[in-house]
Amino acid sequence: MEDGNIFISYESKMKSFEDPLQNTFFKYHLNHNIKSYDSDILCNDPSYSEILYDDDYINYLVELHRPIFPPDINVEEFVNENENNKKIKDMSKMNRGNSFMVYRKYLHKHLQISGVNFPMKQLSQLASALWKSEPENVKDHYKVLSERIQELHYERLGNLIINGKRKKSPNDDDDDNEKMSHKKIKDMTKKNGGNSFIIFRKKLNEFLKSKGFNLPMQKLSPLASDLWSKQPEYVKSQHKELSEQTKKLLNEQMKNLYYGQDDNGSFVNNIQSDQLMPTYIELE
DNA sequence: TTGGCAACAATGGAACCG
DNA sequence: CGGTTCCATTGTTGCCAA
């Protein structure tokens, strides 16, 4: 138990025990589940102990911990818990764990309740072993759960973005803001000021405007594209950094909203990156 | 358009680093 | 000693190249 993986195969694990009975888990298993075994052969004939180990013991260890189905998972609680998680990196990616993640989390709780506390590494391995042997309908169940979790999160995020911290008024049936979930939210959170090229194009547009040129998008985009492709690497990387920075800032703001902090909500959009502008801009 | 690959979601202890 | 990165896991996603 001391080292690493208790769910590992006979080959790599049992070799560290010259006497199989030194493995206390294994010994317990033999005494309680197998009952009749020949300890002499066990210690002297590896093939005998291997059979007992691989065919029964691992199975026993795993089955011992299989969570009951269906799980009593409250989607709302689940989302709340994740929201209270202190180390959130990206609000738009929160609550996007997959079915397996939900499964593992439930397993974790399930085990804690029964007083078992595996280190995370081992828990992941156990979860994997269990997951692999779960029937399709169980996996589907968890998939649906993970999707509903995601949905609820997006719904909250959507309300947040639309309404700020105000709770939505009951009869504010502003057309389709109910169905704004997934795609729009994803777009909004993903947009986050745009990627490096979009920022570049925006700056270019401002620059041109200051010079008295007012290009329509259809002209601006190809021009920006052309110029962008000619930009030296450092300009591109600077813009990339800018976009990441902006994204981070917006994420912070959203977090503040989420946790009901004060929103000194001036949008941080004033990018003073004029010096990033290329020195050469040829206008045709 | 598609297929492959890397990042990423959660998690808490281990390992690592200055 | 404190803060950061790594680990173990699966399924989904987004991006890049052909």
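Throughout, a chain's letter reflects where its sequence line sits, starting with A, and its residues are numbered from 1. Being a predicted model, the structure only gives us computed values, none of them experimental.
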[X] [atom1] to [N] [atom2]: how many Å, rounded?
| X | N | atom1 | atom2 | value |
| --- | --- | --- | --- | --- |
| A:Glu147 | C:dT13 | CD | C1' | 14 Å |
| A:Leu130 | C:dT10 | CG | C1' | 14 Å |
| A:Glu134 | C:dG11 | CD | P | 12 Å |
| A:Tyr106 | B:dA9 | OH | C1' | 21 Å |
| A:Trp131 | C:dG11 | CH2 | P | 6 Å |

Contact between [X] and [Y] at the side-chain level, heavy atoms closer than 4.5 Å - yes or no?
| X | Y | answer |
| --- | --- | --- |
| A:Leu130 | A:Pro67 | yes |
| A:His108 | A:Arg104 | no |
| A:Leu145 | A:Tyr103 | no |

Exercise for the section: Consider only side-chain heavy atoms of I, L, V, M, F, W and Y, link residues closer than 4.5 Å, and tell whether A:Val144 and A:Leu152 are in one cluster. Expected result: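 Each belongs to a different hydrophobic cluster.
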Exercise for the section: Give a yes or no on whether A:Ile113 and A:Leu126 share a hydrophobic cluster (residues Ile, Leu, Val, Met, Phe, Trp, Tyr; joining criterion: side-chain heavy atoms under 4.5 Å apart). Expected result: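 The answer is no; the residues belong to distinct hydrophobic clusters.
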Practice task
Kindly say whether, by distance alone, the side chain of A:Asn98 makes a donor-acceptor pair under 3.5 Å with the base of C:dT12?
Solution key: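 When only heavy-atom distances are counted, A:Asn98 does not reach the base of C:dT12 through any donor-acceptor pair under 3.5 Å.
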Problem - Full working for side chain to side chain contact (heavy atoms under 4.5 Å, CB included) between A:Lys139 and A:Trp131 - result: CA-CA 8 Å; A:Lys139 291 185 179 179; A:Trp131 181 253; 3.7 Å; yes
Exercise for the section: Between protein and nucleotides 10-17 of chain B, map the contacts as a letter string: B base, S sugar-phosphate only, - none, heavy atoms under 4.0 Å, written 5' to 3'. Expected result: BBB-----
Handout entry: Distance test, side-chain N/O of A:Ser128 to OP1/OP2 of C:dT10, below 4.0 Å
Key =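 True: A:Ser128 side-chain N/O within range (under 4.0 Å) of C:dT10 OP1/OP2.
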Practice task
Classify the nucleic acid contact of A:Lys132 as base, sugar-phosphate or nothing, counting any heavy atom under 4.0 Å across all strands shown.
Solution key: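 Sugar-phosphate, no base atom in range.
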Handout entry: Pair A:Arg148 + A:Glu155, salt bridge at N-O below 4.0 Å
Key =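 No, no charged N to carboxylate O under 4.0 Å.
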Problem - SB check A:Arg66 A:Glu63 (cutoff 4.0 Å) - result: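 Result for this pair is yes, salt bridge flagged.
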Exercise for the section: To the nearest 10°, let me know how far the axis at one end of the helix from B:dT1-C:dA18 to B:dG18-C:dC1 is tilted from the axis at the other, five pairs an end. Expected result: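 Terminal axis comparison yields 80°.
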Exercise for the section: May I ask you to decide if A:His110's main-chain N or O and A:His65's side chain share a donor-acceptor pair within less than 3.5 Å? Expected result: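 Absent.
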